[in-house]
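Each remark here refers to the structure printed beneath this line.
Fair warning: this is a prediction, and the values are worked out from it, not measured in the lab. All values below come from the heavy atoms of this structure, side chains included, with hydrogens, waters and symmetry mates left out. As the structure lists them, so they are numbered: ligands from 1, and atoms in each ligand from 1.
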Amino acid sequence: MRRSFKFRLWTDENQERELEIMLETHRRLYNICLDYRKLAYEIYRATITYSDCSRWFKHEREFNPYFARLNFSSAQATMRRLDKTYVAFFRRAKAGKKPGFPRFKGRDRFNSIEFPAYGDGIKLNGERLRIQHVGTIRVKLHRLIEGKIKTVTLIREADKWYVVFSCDLGDVRVEPSANPAVGIDVGLSSFLTTDTGKKEPNPRYLKTALPDLRRKQRSLSRKKKNGMNRRKARKVVAKTHARVKNRRREHHHQVSLKLVRRYGFIAVESLNIDEMLKNDRYSRAINDVAWGNFVLTLRSKAESAGVEFVAVNARGTTQECSACGQVVPKDLFQRWHSCSCGCSLDRDENAARNILARGLLARTGPVGLNVAENRKRASRSPLVHEGE
Ligand SMILES: [Zn+2]
């Protein structure tokens with residue numbers, strides 16, 4: 001099992017400049033290779049592969065002092081990164097989709113350097129990270145690094161630098177959890193609702209940050225193109241974005257942790273984010289909550305805690321009665337589910353119950369939408385449902 005550990009780097013001015021130069025050199029390497037590949041194809045209909053690039057680079061770095069200062073394996077990682085975008089491009093083209101051609105990376109679109117082999121050009125020594133041609137940078141290890149470090153990535157976010165260690169934890173045997181099962185409905189009025197009606201409020205960081213962000217963005221658009229002030233303003237905007245992103249990630253971690261500690265089986269809706277974002281009116285709030293990221297965080301936390309995780313097709317779970325299976329139509333603003341069978345409860349709680357039933361079914365047998373059968377199976381499940 002792999003796990004990542006991310007830490008802030010405490011750079012001094014000198015180190016920061018060296019990192020910036022290194023990042024810029026990687027970016028240029030990326031763009032030059034892309035240029036070669038494009039030209040070769042346009043003029044000769046020839047394909048330049050990753051190994052061609054790597055050979056060329058090996059030769060080139062004898063003359064180019066900037067290239068000479070790059071760690072060789074990390075330069076290879078950058079060229080491989082370009083290769084991956086090509087592979088993805090062809091895969092999508094083959095599948096009949098309209099893929100975007102690999103693009104040149106602008107200054108603000110290239111923010112990481114990978115070192116594919118720990119110990120090769122980068123090494124941790126206590127709380128100090130030694131980077132070839134940069135020096136030794138202080139790292140605050142606020143949590144323990146587990147397992148064996150395999151790869152290291154340096155990331156620039158706004159104007160801060162981070163290091164991410166990707167570690168191999170080996171074959172970790174995780175005892176399956178004996179905690180109760182839960183169904184989770186994610187939504188707009190609350191961040192999430194469980195099948196027992198527990199709610200997690202929406203943090204809406206972006207909403208509070210939004211007026212601020214808008215003002216900064218407006219100020220950015222007023223600045224002259226390519227001017228120094230524009231670059232400064234862009235930095236300010238990027239900083240606000242990064243702050244929102246960090247707070248959101250923290251929130252996702254906290255909520256996920258709470259859930260995997262309490263439950264042994266988690267069923268959530270498998271979200272089609274692309275589809276939802278098309279619905280313009282809600283896209284701001286949906287973006288805000290960023291459920292997709294949350295579900296991914298929850299899944300990885302569940303995995304390492306021995307908690308079973310199932311993503312189910314949630315089509316119709318809002319309309320369906322969780323007690324009798326009847327379809328009870330409601331519009332977006334109807335917050336209460338009340339059915340002719342006597343079932344009356346919060347709209348999201350009703351949905352969460354349906355999601356749980358589908359999750360348990362997906363676990364025990366073929367997925368079907370027969371609710372009565374769902375519930376029978378659910379009640380036969382060895383998992384104890386909370387509140388029973
Ligand atoms: Zn009913």
### Message
With a 6.0 Å cut-off (strictly less than), is the heavy-atom count around OH of Tyr66, excluding the residue itself, greater than 12?
### Response
no

List, one per line, each side-chain donor-acceptor pair under 3.5 Å for residues 157-170, sequence neighbours excluded.
unit_1 : atom_1 : unit_2 : atom_2 : d
Glu157 : OE2    : Lys6   : NZ     : 2.7
Ser166 : OG     : Arg2   : NH1    : 2.8
Asp168 : OD1    : Gly170 : N      : 2.9

### Query
Do NZ/NE/NH1/NH2 and the carboxylate oxygens of Lys199 and Glu349 come within less than 4.0 Å?
no

### Query
Around the Zn ion (ligand 1), how many protein N, O or S atoms are closer than 2.8 Å?
4

### Query
Quick one: which of Thr151, Thr153, Ile131 gives a side chain to side chain contact (heavy atoms under 4.5 Å, CB included) with Phe115?
Ile131

### Task
Working to the nearest 0.5 Å, report the span between NZ of Lys84 and CE of Met79.
13.5 Å

### Task
Answer yes or no: does atom CZ of Phe101 have more than 12 heavy-atom neighbours from other residues, nucleotides or ligands under 6.0 Å?
yes

